[in-house]
**Q** 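Below you will find the structure I want to go over with you.
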Amino acid sequence: MKIRICDLGKHVGETVTLKGWLFNKRKSGKVQFLMFRDGSGLLQCIVFKGNVSEEVFEEAKALTQESSFEVTGLVKEEPRAFGGFELDVTNVKTISKAEEFPITPKEHGVEFLIDQRHLWLRSKKQWALMRVRHRIVKAVRDFFDERDFTLMDSPIITPNACEGTSTLFETPYFDLGSAYLTQSGQLYAEASAMAHGKVYTFGPTFRAEKSKTRRHLTEFWMVEPEMAFYDLNDDMDLAEEFLEYIVQSVLKDKKQELEILERDISKLEKVKRPFPRISYDQAVEILKENGVDFKWGDDFGAEDETIISSRYDAPVLVHRYPSEIKAFYMKRDPENPKVALAVDVLAPEGYGEIIGGSQREDDLELLLGRIKEHDLPQEFFEWYLDLRRYGSVPHSGFGLGIERTVAWISGIKHIRETIPFPRMIYRNTP
RNA sequence: UCCACGGUAGCUCAAUGGUAGAGCAUUCGGCUGUUAACCGAAGGGUUGUAAGUUCGAGUCUUACCCGUGGAGCCA
């Protein structure tokens, strides 16, 4: 059984051997402090000249930043040390001496760091961020699993634009002409929900739009639940419960990581149900109160979203948007056909839209009309229309953007740090 | 696509139109409790590219290349 830093609590007073890398080193003549990392945490290893042979002392001295090595020593509790433990070293064995590591302990610019993304992932903050991302993804899966949802993966290669608006990545597809990378699993989730009742899809999605902001990637991950017999209110209830669950899971299990990220925990602790719910009309009122010259019928810009969300501690659900600015499949409000039964969730602290969802149009004739209005090729949607021909039911769903959620919960400014290898409009390496 | 800003040592940044510098990193030396350790020394440059103005350009002008932030669009 291999021991990792995260397990050291069970080995206090024992002599153990660990394998990992040199994170940083400080020395002071006859004592060396090796900051050692193994992927599970950080551990300060002390090499005293009197405690080890001359050869071992020299071997430790020769280790460069990010060299891989094996270290043996006595595990001691040490409240002052990061992680709470220290290792009194008795032996050091170099595995591979590293060349000069480009990322030094001092500050670097983003351009440089993103070029070194494959190495940047080893740094403390990026390590913590990826662990938070992992916990969020686990929370997503646990949440749906605990509620009897079935995972139904949707295709990544699709024959047409799902919502008919976005610019998609095009790829040649044998004798069938062009295919496109998916921008949403939405329509497939609807078909799946008619088979399993409650489902979710979870995978990468692609947008070829030339968005160049801190909130955009060309490739990002989205989780999309879809539920038969759910109306808009049921949909909003689920979205609320879902977000609370995710935030509380991270708070419970990733305290140390949030500390490394210097996240203000008190802000996350306020993310408790019930969340505020306002209509689009009310949101427009808020903007007008704040002196924004806003026209009913327009969509909110990034600045508008910040104004609206900054009124609340928890994410705010904005519902019933003008149907003109929403996708063709969203059901109109029977009480006011000018608006769609749609909901967007805006994260606090200016992180913007993290969820978009709606009740879907379940009436065949209305949906046919909508496809014509939007000038979409009906032949591509025949299978989708079948869902309304064979036992149509009211149903709803939403999509959550994983990277924006990670950015919000971690308190990270730029979305590019929230995914291991970001894809942006002017960058597709490393 | 549009607007703004930037490009000088491996990295982060200085440098009135007048000899291109510092900190970190690297190498060497010193130090038995450091924690972005500290102290001393050394090596390290076609100032994004091209042209122009000038006695003289990192600095001024023009074009181009690359990048960053934002807008629009969106999750």
Side-chain angles (χ1 to χ4, degrees), chain A residues 23-36 42-52 57 61-62 64-66 76 78 80-83 86 88 98-116 119-120 123-125 162-163 165-168 182-186 204-224 298-306 325-327 343-347 351-357 398-408 413-416 418-419 424-427:
Chain A
F23 188 73
N24 196 10
K25 179 169 64 177
R26 287 174 288 275
K27 57 187 172 63
S28 168
K30 299 199 175 59
V31 61
Q32 300 181 60
F33 301 94
L34 310 179
M35 223 7 148
F36 172 84
L42 280 171
L43 176 69
Q44 176 158 278
C45 304
I46 294 98
V47 189
F48 277 111
K49 198 152 195 171
N51 291 4
V52 297
F57 194 81
K61 209 167 157 186
T64 53
Q65 188 186 354
E66 287 303 322
K76 284 178 21 182
E78 175 54 70
R80 287 175 301 178
F82 180 84
E86 265 187 4
D88 251 350
E99 293 176 23
E100 185 178 338
F101 198 65
I103 304 176
T104 65
K106 285 275 180 176
E107 59 194 324
H108 298 279
V110 240
E111 188 185 342
F112 174 75
L113 288 171
I114 208 87
D115 277 340
Q116 310 290 334
L119 303 176
W120 190 21
S123 74
K124 207 165 163 182
K125 201 167 172 184
C162 162
E163 304 182 14
T165 49
S166 297
T167 318
L168 305 187
T182 185
Q183 59 153 340
S184 166
Q186 151 84 47
T205 50
F206 308 87
R207 303 282 163 92
E209 267 139 12
K210 290 200 163 183
S211 298
K212 196 176 165 343
T213 82
R214 71 178 66 191
R215 295 178 307 280
H216 289 87
L217 296 171
T218 55
E219 177 180 322
F220 64 97
W221 285 68
M222 192 155 66
V223 56
E224 295 172 283
D298 285 348
D299 208 349
F300 303 127
E303 187 58 30
D304 302 328
E305 287 180 355
T306 303
I325 55 170
K326 287 293 178 187
V343 58
D344 280 1
V345 181
L346 308 180
Y351 279 95
E353 183 183 347
I354 50 171
I355 280 182
F398 60 83
L400 171 90
I402 292 295
E403 287 74 17
R404 284 188 184 177
T405 304
V406 175
W408 162 49
K413 291 275 182 304
H414 202 301
I415 196 170
R416 68 187 152 205
T418 64
I419 187 167
M424 290 165 293
I425 110 172
Y426 292 124
R427 178 185 295 277

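Residue numbering restarts at 1 for every chain, and letters A, B, ... go by the order of the sequence lines.
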**Q** Just by protein heavy atoms under 4.0 Å, how would nucleotides 65-72 of chain B read 5' to 3' in B, S and -?
**A** --SBBBBB
**Q** Please check: side-chain N/O of T205(A) versus main-chain N/O of T182(A), any donor-acceptor pairing under 3.5 Å?
**A** no
**Q** Please report the shortest heavy-atom distance between I103(A) and Q65(A), naming the atom on each side.
**A** O-NE2, 3.0 Å
**Q** Heavy atoms under 4.0 Å, any strand shown: does E403(A) hit a base, just sugar-phosphate, or nothing?
**A** nothing
**Q** Please give the distance between the C1' atoms of G6(B) and C39(B) as a whole number of Å.
**A** 36 Å
**Q** Regarding H414(A) and T418(A), do their side chains bring together a donor and an acceptor under 3.5 Å, going by distance alone?
**A** no
**Q** Please state how far atom CD in Q183(A) lies from atom C1' in A75(B), giving the value in whole angstrom units.
**A** 11 Å
**Q** Sub-3.5 Å donor-acceptor pair from the side chain of K212(A) to the main-chain atoms of Y426(A), do we have one?
**A** no
**Q** Examine the base of C74(B) for any acceptor or donor lying under 3.5 Å from a partner atom in the side chain of R404(A), and report the outcome as yes or no.
**A** yes
**Q** Would you sketch RNA chain B in dot-bracket for me? Only Watson-Crick or G-U wobble pairs with both distances under 3.5 Å count, crossing pairs as [ ], other-strand pairs as |, the rest as dots.
**A** (((((((..((((....[..)))).(((((.......))))).....(((((..]....))))))))))))....
**Q** Does the side-chain ring of F33(A) lie flat on the base of A37(B), meaning centres under 5.5 Å and planes less than 30 degrees apart?
**A** no
**Q** Is a side-chain donor-acceptor pair under 3.5 Å present for E224(A) with S184(A)?
**A** yes
**Q** Sticking with atom P, work out how far C60(B) lies from U47(B), rounded to a whole angstrom.
**A** 16 Å
**Q** Give the rounded distance in Å between these two atoms: NZ of K27(A) and P of C38(B).
**A** 12 Å
**Q** What's L400(A) touching, base or sugar-phosphate or nothing? Going by heavy atoms closer than 4.0 Å.
**A** nothing
**Q** Would you kindly give the CZ-to-P distance between F220(A) and C73(B), to the nearest whole Å?
**A** 16 Å
**Q** Could one point to a donor on the side chain of Q44(A) or the base of U34(B) with an acceptor on the other under 3.5 Å away?
**A** yes
**Q** Rounded to whole Å, please give me the gap between CZ in R26(A) and C1' in A25(B).
**A** 16 Å
**Q** Write down the distance between CH2 (W120(A)) and C1' (C11(B)), rounded to a whole number of angstrom.
**A** 14 Å
**Q** Should M35(A) and K124(A) count as side-chain neighbours, where that means a heavy-atom distance under 4.5 Å?
**A** no
**Q** Rounded to the nearest angstrom, tell me the gap between atom CG in L346(A) and atom C1' in C74(B).
**A** 13 Å
**Q** Please name the pair of heavy atoms, one in K30(A) and one in F57(A), separated by the smallest distance, quoted to 0.1 Å.
**A** O-CE1, 3.6 Å
**Q** Using atom P in both nucleotides, what's the gap between C64(B) and A4(B) to the nearest angstrom?
**A** 14 Å
**Q** Looking at I425(A) and E209(A), what are the two nearest heavy atoms and their distance?
**A** CG2-O, 4.5 Å
**Q** What integer distance in Å separates E353(A):CD from C73(B):C1'?
**A** 11 Å
**Q** Is the distance from OP1 or OP2 of A37(B) to the nearest side-chain N or O of N24(A) less than 4.0 Å?
**A** yes
**Q** Need one value for K49(A): base, sugar-phosphate or nothing, where a base atom within 4.0 Å counts as base even if backbone is also close, heavy atoms only.
**A** nothing
**Q** May I ask you to say what F112(A) touches in the nucleic acid, namely base, sugar-phosphate or nothing, with a heavy-atom cut-off under 4.0 Å?
**A** sugar-phosphate
**Q** With no hydrogens and no angle check, is any side-chain donor or acceptor of S211(A) less than 3.5 Å from a backbone partner on H216(A)?
**A** no
**Q** Taking any heavy-atom pair under 4.0 Å as a contact, classify I402(A): base, sugar-phosphate, or nothing.
**A** nothing
**Q** Hey, which sits more toward the 5' end of RNA chain B by its nearest nucleotide, M35(A) or L113(A)?
**A** L113(A)
**Q** Provide the distance between the two C1' atoms, one in C66(B) and one in G48(B), to the nearest whole Å.
**A** 7 Å
**Q** For G356(A) and for K25(A), locate the closest nucleotide of RNA chain B by heavy-atom distance; then report the residue assigned to the nucleotide nearer the 5' terminus.
**A** K25(A)
**Q** According to side chain to side chain donor-acceptor pair (under 3.5 Å), who are the partners of D88(A), at least two apart in sequence or on a separate chain?
**A** K76(A)
**Q** Touch check for E86(A), heavy atoms < 4.0 angstrom, all strands: base, sugar-phosphate only, or nothing?
**A** base
**Q** For nucleotides A75(B) and A36(B), find the distance between their P atoms and express it as a whole number of Å.
**A** 43 Å
**Q** Mind checking D344(A) for me? I need base, sugar-phosphate or nothing, with any heavy atom below 4.0 Å counting as a touch.
**A** nothing
